[in-house]
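Have a look at the structure below, then the notes.
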Amino acid sequence: MKIRGRLISAFTIMTVVPLLITTLCVKLIVNKQTTALARSYNIDTKNYSDLDFILNPVNYFSNITLNDFQEITKHTVDNPDLLYDTDYLDKINTSLKKKGSYMLAVRAGSYYYVGDKKKFKKIVALPKEIHYRTTNKQLVYFDLETSSIIKKTTFSFSDRSIGYIYLICDYTSLYPHWKQSLYEILFAFLLIILTTGIILTMWLYQSIVCPLNLLRAATTQIGNGTLDQPITIQSYDEIGQLCKDFEEMRTRLQTMVQNGIKAEENTRQIMSSISHDLKTPITAIKGYTEGILDGVADTEDKQKKYLQTIYSKANDMTYLIDELSIFSKVARNTLAYNFISISADAYFRDCIEDFSLDLESENISISYENLCQPNTQILVDAEQLKRVLHNIIGNAVKYNNKDQGHISISIEDIPVVPVPPPLYRQINDDGTYVTPIPEPEEFIQVEISDNGPGIAAKDLPYIFDRFYRADASRNSSKRGSGLGLAIVKMIVADHGGKVWVKSQEGKGSSFYFTLKKDTQDNEGRSLHE
Ligand code: ADP
């Protein structure tokens with residue numbers, strides 16, 4: 001779940017869950033209280049919902065004395081004089097007292113019965129008219145001063161004198177129940193809020209703070225130079241994405257550092273190879289020169305032979321230095337490529353024509369086949385691509401061991417390979433991001449095969465490495481630097497292609513490389529890198 005969704009859920013849980021549970025708790029507590037009240041005060045709860053207890057307490061409390069009031073009202077019609085009987089009134093008052101209530105009787109303007117003198121003293125004035133009507137049609141008066149609910153009935157005694165009976169319920173005496181309920185509700189609410197808060201905090205801590213802590217620890221590790229500790233977080237939100245990006249960055253940094261170390265090692269190897277490869281002809285030149293100076297070459301023939309060897313060794317050195325200079329340019333990316341869109345067929349035909357004269361003199365035939373779609377355009381630097389062909393064909397000529405050598409060149413289309421999405425993402429202004437969909441690229445494949453000696457299987461994986469020369473070539477008289485195919489590999493890679501080889505000892509070798517097609521209309525336009 002995304003952090004946004006998580007925050008929305010947290011907010012919902014924080015508000016809805018306590019509300020629901022609190023409502024449930026309130027319902028349960030009120031239900032418990034009303035049942036207890038109904039039981040102890042013998043209230044008929046059939047027509048009431050528990051909510052009346054909260055929403056309409058006047059109604060609820062007035063009900064407590066409903067039965068007593070109904071009985072008195074009945075006597076006001078049947079036998080009004082009974083309501084002058086103190087014994088009878090005492091009996092009713094005793095029942096009322098159990099319900100936090102008492103009664104008051106008035107005849108001809110004087111109170112002839114006061115059920116609770118102490119409480120009655122507090123009542124300033126009794127109501128003349130009672131207007132508040134409860135749900136069961138009782139008229140009640142609500143005295144705020146003394147928190148009393150007052151009911152009144154008016155009747156005539158047998159001598160026609162007017163009498164009033166007041167039923168007064170001091171509901172504060174019932175208050176402990178309320179108070180307890182309120183405390184229970186408050187406690188339940190606090191407990192719910194606290195529990196929800198703790199659970200939510202733990203959830204958010206687990207899902208946000210913990211991964212952030214891990215990320216911080218990983219950052220510190222990287223800062224200290226430890227790049228081999230992967231960070232694995234199973235989360236699909238923004239933090240999970242951040243950790244994924246972080247992990248990608250770590251692996252790339254690690255590769256960069258490893259490459260740096262490898263490059264350093266390579267440079268060291270190159271330096272030792274160069275010094276070794278230059279030392280050999282120099283030592284030979286020195287030896288032969290000393291031979292001439294010391295008079296070892298005492299005949300003209302011998303001197304000529306010595307000088308020829310010196311000349312040949314000097315040529316080897318020039319060749320090596322030339323190759324080194326090109327190699328270093330390509331390796332340091334200082335070779336300025338001038339990519340242009342050209343016809344693949346026309347280009348290869350031209351090159352083959354250029355090479356054919358030299359090949360003829362070496363007794364090597366060449367064939368060419370174009371299997372590409374007509375008008376296939378490729379995006380290449382014509383000069384550097386020629387260097388690639390020169391190095392591969394040059395090797396075929398150099399290592400040819402047949403009386404009649406043969407080189408065949410063919411070009412063909414290769415199926416379009418979908419390009420994997422890039423590792424970076426494009427971030428929009430609003431913070432959202434998209435992974436750009438790369439255009440699929442089309443390539444042609446070039447194959448250059450010879451019928452030469454082939455390459456030993458053990459050498460095959462290394463022949464594109466710089467300064468690598470197969471044992472067979474090293475021990476032969478063939479001039480070489482071990483850089484030709486390394487240059488090929490770098491130039492092809494700079495063209496966006498790749499190079500590989502297949503070979504069978506004694507049968508010949510086939511070199512393959514790919515070149516990017518120009519699918520847009522870039523004809524005649526040069527693309528500088
Ligand atoms: P070199 O200067 O030695 O030719 P390269 O990088 O051009 O260096 O080639 C690397 C090695 O690959 C060579 O030393 C040789 O052993 C082998 N090789 C390359 N091309 C061929 C080929 N056409 N036939 C046989 N061996 C080859």
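In listed order, ligands and their atoms are each counted from 1.
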Considering only heavy atoms of [X], which atoms of ligand 1 have at least one such atom less than 4.0 Å away?
X      : answer
Ala470 : 14 (O), 16 (O)
Tyr468 : 10 (C), 11 (C)
Ser509 : 24 (N)
Ala396 : 23 (N)
Gly484 : 5 (P), 6 (O), 7 (O)
Ile455 : 18 (N), 25 (C), 26 (N), 27 (C)

Worksheet entry | Proximity of His495 and Phe513 rings by center, below 6.0 Å | no
Worksheet item: Can we say Arg252 and Glu248 salt-bridge, meaning some charged N sits less than 4.0 Å from an Asp/Glu carboxylate O?
Response: yes
Worksheet item: Between Lys516 and Glu442, is there a side-chain N and carboxylate O pair less than 4.0 Å apart?
Response: no
Worksheet entry | From Gly454, Gly482, Ala486, Ser503 - option closest to atom 8 (O) of ligand 1 by heavy atom | Gly482
Item to complete: Determine the sole option in Ser408, Ser449, Ser410 for which the side chain to side chain donor-acceptor pair (under 3.5 Å) test with Ser510 is passed.
Response: Ser449
Structural part of [X] in contact with ligand 1, heavy atom criterion under 4.0 angstrom:
X      : result
Ile463 : both
Lys398 : side chain
Asp450 : side chain

Discussion item. Counting only nitrogen or oxygen atoms and a 3.5 angstrom limit, does Tyr399 reach ligand 1?
Written reply: yes
Discussion item. Check contact between Gly452 and ligand 1, using heavy atoms of the residue and a distance below 4.0 angstrom.
Written reply: no
Worksheet item: Any non-hydrogen atom of Phe511 lying under 4.0 Å from ligand 1?
Response: yes
Item to complete: Tell me, please, whether Phe443 has Lys517 positioned over its six-membered ring: NZ or CZ under 6.0 Å from the ring centre and within 45 degrees of its axis?
Response: no
Worksheet item: Counting only heavy atoms not in Glu383, do more than 12 fall under 6.0 Å of its CD?
Response: no
Worksheet item: Is the closest side-chain heavy-atom distance between Glu265 and Ile261 below 4.5 Å?
Response: no
Please tabulate, one pair per line, all N/O donor-acceptor pairs under 3.5 Å involving side-chain atoms of residues 385-392, not counting sequence neighbours.
residue: Lys386; atom: NZ; partner: Asp354; partner atom: OD2; Å: 2.4
residue: Arg387; atom: NE; partner: Gln384; partner atom: OE1; Å: 3.1
residue: Asn391; atom: ND2; partner: Gly484; partner atom: O; Å: 3.0

Worksheet item: Once the angle between the rings of Tyr462 and Tyr468 is folded into 0 to 90°, is it parallel (under 30°), tilted (30 to 60°) or perpendicular (over 60°)?
Response: tilted
